[in-house]
Amino acid sequence: MPYDPEKIEKKWQAIWEKTGIFHAKENKEKKKFYGLVEFPYPSGDGLHTGHPRSYTAMDIICRKRRMEGYSVLYPIGFDSFGLPTENYAIKRKVNPKIITKENIAIFTRQLKSLGFSFDWSRVLSTSDPEYYKWTQWIFLQLFKHGLAYKAKENINWCTSCKIGLANEEVVGGVCERCGSEVIKKEREQWILKITKYADRLIDDLKNVDYLDRIKNQQINWIGRSEGASIKFEIRNQKSETISNNLNPNDQNYLEVFTTRADTIFGATFLVIAPDHSLIVNSESLIENYEEIEKYISDIKKASPRLVNLGLKKTGVEIKGIKAINPATKKEIPVFIADYVSMDYGTGAIMAVPGHDTRDYAFAKRYNLPIEIVVKPTDDLKSEIRNPKSETNSKFKIQNSNFAESEAYEGDGININSGFLNGLETKEAQKKIIAWLKENKLGDKTINYHLRDWIFSRQRYWGEPIPLIFCPKCKKLMENTKYEIRNTKHNEGEILNPGWVAVPEKDLPIELPEIKDFIPTKDGDSPLAKAKDWVKVKCPKCGCEARRETDVMPNWAGSNWYYIAYTISENSKFEIRNTKQMKYWTPVDWYNGGMEHTTLHLLYSRFIYKFLYDIGAVPRECGPEPYKKRTAHGMILGEGGIKMSKSKGNVINPDDYVKEYGADTVRLYEMFMGPFDQAIPWEGKSVIGVNRFLSRVWDLGESVKLKAKSEKHGSKIQGQESKDLERLLNQTIKKVGEDIEQMKFNTAVSQMMIFLNEIEKAKDLAQEVFEKFLIILSPFAPHITEELYQLLKSEIRNPKSETNSNFRSISEEPWPKYDEKLIKKDVFSLVVQVNGKVREMIECPIGISESEAKEKALSSSKIIGWTRDKEIVKVIYVQDKLINFVVK
RNA sequence: GCCGCGGUGGCGGAACUGGUAUACGCGAAAGACUUAAAAUCUUUUGGGCUUAUGUCCGUGUGGGUUCGAGUCCCACCCGCGGCACCA
């Protein structure tokens, strides 16, 4: 019978499902293993090749863990809120709920066809009200603990569609759908205080096992930078302090942030962001207000992309006011320029053109003074150490005129810096910060690149934000004294007057049924159109109030799905069911795409930490959700080009499953190349692993035949069997180790080598072949199950697969290898002359140096190379190599 | 500009701690089986010179360290991914 994957794969998938052998059980007797993969977004395009790559890899690991005796949780679900579905709904006027249901059905069929050992009893979907009930609950906790606030933020606004766009929908400064210009528009948004957790999100990375590049990305994204905030006094043109109130918090001081406080003596002007409040607050003092207004409006017109190129540095001096450099006491001009942004630091900088490239470019353009206050240390040191060296003179030439061509941004020794002269950068920083603090002009400050998280979308297909706005409560709140407020209200209500949390018993707040999913012309969520839904009684005072109509972003559901799996029961969740959570959390191994290693990973870590802080996640689970995080490389189209619908090079795994079977697709995706790297899909190479499986099949059948005809014993005898046994042990070792390191490609290659050998063997013991099937089974579960049951069918009734006698290959213990059996007794000694391989000699393991030398030197080839020459040196590596250095 | 990853046959790739470069697979060529094709099996497959022996060259480029470098060091080139006027 030839290998027929279609027949056997369907059969086994049905049996596995019926017997429920992959259902996770909280078995206290066993160690647990929680393997997690990123759940898919059920798009209309179906599964793509990237999904099986990650899912097969984790499936292999989970299957191996089960065989090693762990109780394993390997769940799957659907991240089913999202823009593509909503956009499709707008176009076709179908409720996204219906489309999502259809897509999930397609994904489920596809995933099941690949034979993953998921616990399907725990499947979840983020758009299911039973699920988003708890997504909303989590939001309410954030609100109550003062981590959610409403504030005006700039959003992307398509001038043609008249709707707000997500960042992903803005491509090159234009709307992804219509190609029109996208501008920034201010809107009130719910924002989460993720920055409060910034330090912990960096520090706790020390205690988790993430790939280094993932850790780096997280750290860079948070972008912590230590520096100082410094207050510069602002005076009007008569050199008078603007107001006589000398409170440094007042507007007569301009606060800047810098990481190089040590260069303060070189600060020859200040620059503020175009939207800095100083402009509005000091309007009466500014002589060229009109010019500045014009500049600001010009900037808004310029495409943000062009500004970002950083080629042009433009700005306008604010006439009528001056700043005082607190170190030099000199009056310096203040500029407004678009190279300083309000989003970072204080929206104002002290410009040190001598030591900052941007300030330098700006100073050159507007003819501003450039002071050199730091001398490179290397220069000084190497001059002392080696005054005549060539590299040094080159360095000197470079540095003698560095002020004329560019700014020196490195560390060094302070010069022209008053009391900082002669200090090295780090010391100078300490000293100046101490000095600033003493004079109440500044202090050490930490800034983050990470911004607070805008958590609302003016969309339909997302979780409704469970808050109600009550105008009466707002008034009441404003008239209430601070102390009373504090005792009567939660932090969220104090922070956001008038906003009231939906009572927990009313959750979930389900999405209302509407017909038109386009956002309103004012940019409000389409939910605003559901008037009956919006109108609601205030849960606090019973007055007329309205619901929040914004929904949560697509990240909301994926923030806690790994917790949801652990507490899922019949598609219901109870977050207070901490017993199950305690058993499974944290996730032991999480694999996913590199594209999610910044946002999703950071967001979900933040939410987890918050839940941990408020006790929703028990202490025992620890402060981090994922113990280990790895990432797979992207699968590219043929020829190494990114797959995309527009290029028409998208590979549908379904086609390959149909043609070759799931085992072949699984094995190919593991074999195609290094797991963590981007790899092009090569349709014609798939045949290679398919051939391999066919040969496994044929061999399995012949082993069975032989067993039947001869009642073949499984004793291993003779040299051939000895070699086979060694190879088997080697293979068990290599495959096991490679799986742990996610080097699946070399694991498969080792199994191919093994097959190539056992095919040649005249006398293959069934026992050897069975072990091979077991280690192959996590990769190709269907074919190995079929063959395994076939071989065992003499002992067991083949028709008893569904009864209690049935023992799946996936329940067999992972084979052990014997290190002693791997060791060979002979090896090829590599003989080199002057580092070049000249001969190989079979030698017994453990041969002594003198013996090896004698053997090597008696070889005719080596004699040819060493004749008439003097052997200067002999390098000997035990059981490996001997090298003669000759002259 | 910054951070990260990578560059090895016709192609995907392998190579432990510096010790036989090109494992495994694809493709290609030749042969076997077949009326024929497909499938399968066997052999060959980095380049040059040479009759096979053999020998020289060869892991992006140029240097270096070493008995010995794909692997380590220095300088550079190219490709990919992410961030980007971060003060």
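Naming convention: chains lettered A, B, ... in sequence-line order (proteins, then strands); numbering from 1 in each chain.
- Taking the C1' atom of each, B/U43 and B/C5 are spaced 40 Å apart, rounded to whole Å.
- The existence of a salt bridge linking A/Lys760 and A/Glu757 is confirmed by a sub-4.0 Å separation between a basic side-chain nitrogen and an acidic carboxylate oxygen.
- Sequence order on RNA chain B of the closest nucleotides to A/Thr346 and A/Arg213 puts A/Arg213 first from the 5' end.
- If you take OH of A/Tyr344 and C1' of B/C83, they are 14 Å apart, rounded to a whole angstrom.
- Residue A/Asn216 is in sugar-phosphate contact alone, with no base atom involved, counting any heavy-atom pair closer than 4.0 Å across all strands shown.
- A/Glu409 is linked by a side chain to side chain contact (heavy atoms under 4.5 Å, CB included) to A/Asp356, A/Thr357, counting only residues two or more places apart in sequence or in another chain.
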| request: Using a 4.0 Å heavy-atom cut-off, write out nucleotides 51-58 of chain B from 5' to 3' as B (base contacted by protein), S (sugar-phosphate only) or - (no contact). | output: ---SSSS-
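- The same atom, P, is picked in B/G13 and in B/G62; the two are 24 Å apart, to the nearest Å.
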| task | Check step by step if ring pair (Phe, Tyr, Trp, His ring centres under 6.0 Å) holds for A/Phe671 and A/Phe692. | result | CA-CA 12 Å; A/Phe671 181 62; A/Phe692 166 73; 8.6 Å; no
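- The closest side-chain heavy-atom distance from A/His449 to A/Ile222 is not below 4.5 Å.
- Checked by atom type, the side-chain pair A/Tyr295/A/Thr314 shows a donor-acceptor distance below 3.5 Å.
- Rounded to a whole Å, the NE2 atom of A/His355 is 19 Å from the C1' atom of B/C85.
- Between the P atom of B/C5 and the CG atom of A/Asn220 lies a distance of 12 Å, rounded to the nearest Å.
- Note: CG (A/Asn834) to P (B/C67) measures 11 Å, nearest angstrom.
- With salt bridges taken as basic N to acidic carboxylate O contacts below 4.0 Å, one links A/Arg726 and A/Asp723.
- Separating the CH2 atom of A/Trp221 from the C1' atom of B/G81 is a distance of 14 Å, rounded to the nearest angstrom.
- Straight-line distance between the C1' atoms of B/G47 and B/U8: roughly 15 Å, to the nearest whole Å.
- Taking atom P on both B/G82 and B/U45, the two are 42 Å apart, rounded to the nearest angstrom.
- Shown here, B/G70 is classed anti by the O4'-C1'-N9-C4 or O4'-C1'-N1-C2 angle, which is more than 90° from 0.
- Salt-bridge annotation for A/Glu819 and A/Lys733: present, with a side-chain N of the basic residue lying under 4.0 Å from a carboxylate O of the acidic one.
- Tested against A/Asn591 for a side-chain hydrogen bond (donor to acceptor under 3.5 Å, both in side chains), the candidates A/His632, A/Arg53, A/Glu38 yield a single pass: A/His632.
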All N/O donor-acceptor pairs, side-chain side in residues 744-753 of chain A, below 3.5 Å, sequence neighbours left out:
| residue | atom | partner | partner atom | Å |
| --- | --- | --- | --- | --- |
| A/Thr746 | OG1 | A/Asp738 | OD2 | 2.8 |
| A/Thr746 | OG1 | A/Lys743 | O | 3.0 |
| A/Gln750 | NE2 | A/Thr731 | OG1 | 3.1 |

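- With sequence neighbours left out, A/Glu839 forms a salt bridge (Lys or Arg N to Asp or Glu O under 4.0 Å) with A/Lys861.
- Look at the C1' atom in both B/C26 and B/C80: the space between them is 24 Å, to the nearest Å.
- Computed from coordinates, the A/Tyr448 OH to B/A87 C1' distance equals 17 Å when rounded to whole Å.
- With A/Asn834 contributing its side chain and A/Val886 its backbone, the two residues share a donor-acceptor pair below 3.5 Å.
- At a threshold of 4.0 angstrom between heavy atoms, the contacts of A/Ser694 with the nucleic acid are absent.
- At the phosphate of B/G82, neither OP1 nor OP2 sits under 4.0 Å from any side-chain N or O atom of A/Thr598.
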| remark: With B for base contact, S for sugar-phosphate-only contact and - for none (protein heavy atoms under 4.0 Å), nucleotides 12-26 of chain B reads BSSSB--BBS-BBSS
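- To the nearest angstrom, C1' of B/A87 lies 12 Å from CZ of A/Phe232.
- Between the side chains of A/Asn447 and A/Arg224, no donor-acceptor pair is found at a separation under 3.5 Å.
- The gap from the C1' atom of B/A14 to that of B/U20 amounts to 14 Å, rounded to the nearest Å.
- Separating the P atom of B/C57 from that of B/G63 is a span of 15 Å, rounded to the nearest Å.
- Only the P atoms considered, B/C16 is 13 Å distant from B/G7, to the nearest whole Å.
- Under 4.0 Å is where a charged nitrogen must lie from a carboxylate oxygen, and between A/Asp343 and A/Arg451 no such pair does.
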| query | Can you give the dot-bracket line for RNA chain B, where a pair is Watson-Crick or G-U wobble with both atom distances under 3.5 Å, crossing pairs use [ ], and | marks a partner on another strand? | reply | (((((((..(((......[....)))((((((.......))))))((((....))))..(((((..]....))))))))))))....
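- In this structure, the CH2 atom of A/Trp697 is 17 Å from the P atom of B/U40, given to the nearest Å.
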